[in-house]
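Right, one structure below, let's go through it.
Just so you know, these numbers use all the heavy atoms, side chains as well, and skip hydrogens, waters and symmetry mates. Along the sequence shown, residues carry numbers from 1. Model, not experiment: these values are computed from the prediction. Atoms within each ligand, like the ligands themselves, are counted from 1 in listed order.
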Amino acid sequence: MQDLFDINGPEGVWQESLGSGATWIHGFLVAHAAQVLADVGRVVEHAPYRHLTTPGGKRMSVAMSNCGEEGWVSDRAGYRYQATDPQTAKPWPAMPVQLRALAQQAADDSGYDNFAPDVCLINYYAPGARMGLHQDRDENNLTAPIVSFSLGLPAVFIWGGWQRTGKTQRIMLRHGDAVVWGGEDRLRFHGVAPLKDGEHPLTGHARINLTFRQTR
Ligand code: MD6
Ligand code: FE
């Protein structure tokens with residue numbers, strides 16, 4: 001029954017607060033998922049998914065790409081944003097206008113007007129892929145929120161506090177969910193538990209997560 005409800009679109013969209021600056025918008029993207037995935041497909045034709053290396057030398061289990069004016073990258077030298085794709089030496093593909101508009105809409109709906117994302121990091125999770133507990137603090141502008149879109153297989157998102165060792169909460173992010181966080185929640189620790197295998201009609205054996213960031 002839940003699936004039937006979700007494909008109806010707006011009726012299946014509802015908000016849940018995760019903190020004073022953080023909003024989980026269930027079902028936000030369900031009605032736009034095919035379009036968003038088509039946009040993502042065009043981006044990764046030009047900037048293919050790749051497994052980056054952490055500064056410590058470990059291969060990340062999540063495969064990544066970017067679009068926008070800059071992209072987030074990691075290698076032995078550290079984490080940073082840069083305007084060119086290190087793999088192709090070309091600028092990252094432009095951020096599709098409709099994707100950017102959806103991210104702005106999610107931010108608006110959560111009380112952040114004037115969100116002007118210049119980067120969209122695209123994370124591809126195959127079964128078993130995970131993301132360790134981290135803070136997003138490589139952006140120069142920490143007053144802007146981050147908008148996150150989840151597509152495909154569901155994943156357990158670990159929502160922590162302001163200290164690595166703080167209490168954590170586990171929430172299940174599903175196909176079409178958006179999370180917007182800024183304000184006092186902007187620097188919360190968070191991560192993703194190893195992806196459980198399954199099959200989704202639009203993504204197959206995978207979860208795709210997009211995070212829109214305003215780096216300046
Ligand atoms: C993910 N997301 O959901 C990983 N970071 O696959 C993030 O690391 C993240 O969802 C900052 C803000 C929102 C996020
Ligand atoms: Fe993050």
Fill in the blank from the handout: Numbered in order shown, the ligand 1 atoms found under 4.0 Å of a heavy atom of Val192 are 1 (C), 3 (O), 4 (C), 6 (O)
Handout entry: Asp136/Arg213 ion pair, N-O < 4.0 Å
Key = yes
Practice task
Would you check whether Val179 reaches within less than 4.0 Å of ligand 1, judged by its heavy atoms?
Solution key: no
Problem - Heavy-atom pair with the smallest gap, counting every atom of Gln104 and Pro117 - result: CG-CD, 4.1 Å
Exercise for the section: On the 0 to 90° scale, with breaks at 30° and 60°, tag the Trp72-Tyr79 ring pair as parallel, tilted or perpendicular. Expected result: parallel
Practice task
For the pair Gln15 (side chain) and Asp109 (backbone), establish whether a donor and an acceptor sit closer than 3.5 Å, ignoring hydrogens and angles.
Solution key: yes
Handout entry: Side-chain touch Asn209/Leu151, heavy atoms, less than 4.5 angstrom
Key = no
Problem - Test of ring centre spacing under 6.0 Å for Phe28 and Phe149 - result: yes
Practice task
Look at the side chain of His134 and the backbone N and O of Gly132, then say whether any donor-acceptor pair between them is shorter than 3.5 Å.
Solution key: yes
Problem - Centroid-centroid distance, His26 to Trp14, less than 6.0 Å - result: yes
Completion exercise
atom 2 (N) of ligand 1 has as its nearest protein heavy atom Asn209 OD1, 3.7 Å
Problem - Test item: Trp92 side-chain N/O and Gln82 main-chain N/O as donor-acceptor pair under 3.5 Å - result: yes
Exercise for the section: Nearest heavy atom to atom 10 (O) of ligand 1 wins, so pick from Ala22, Ser148, Ala129. Expected result: Ser148
Handout entry: Face-on cation placement of Arg207 at Tyr125 ring, 6.0 Å and 45° thresholds
Key = yes
Handout entry: Sidechain N-carboxylate O distance under 4.0 Å for Asp75, Arg80
Key = yes
Practice task
Output the list of atoms in ligand 1 that are nearer than 4.0 Å to some heavy atom of His134, sorted by atom number.
Solution key: 8 (O)
Problem - For Arg207, the ligand 1 atoms whose distance to one of its heavy atoms is below 4.0 Å - result: 1 (C), 3 (O), 6 (O)
Problem - Listed protein N/O/S atoms, distance to the Fe ion (ligand 2) under 2.8 Å - result: His134 NE2, Asp136 OD1, His190 NE2
Fill in the blank from the handout: Quick note on ligand 1: atoms under 4.0 Å from a heavy atom of Asp136 include exactly 5 (N), 11 (C)
Handout entry: Sub-4.0 Å atoms of ligand 1 with respect to non-hydrogen atoms of Ile146
Key = 11 (C), 12 (C), 13 (C)
Exercise for the section: Would you mind listing which atoms of ligand 1 come within a distance below 4.0 Å of any non-hydrogen atom of His190? Expected result: 5 (N), 7 (C), 8 (O), 9 (C), 11 (C)
Problem - Shortest protein heavy-atom distance from atom 13 (C) of ligand 1, along with the residue and atom involved - result: Trp181 CH2, 3.2 Å
Exercise for the section: Answer yes or no for Arg188 and Trp181: cation-pi contact, defined as NZ/CZ to six-membered ring centre under 6.0 Å and angle to ring axis within 45°. Expected result: no
Handout entry: Taking atom 6 (O) of ligand 1 as the reference point, the nearest protein heavy atom with its distance
Key = Tyr125 OH, 2.5 Å
Handout entry: Numbered atoms of ligand 1 (with element) below 4.0 Å of Thr211, judged on heavy atoms
Key = 9 (C), 10 (O), 13 (C), 14 (C)
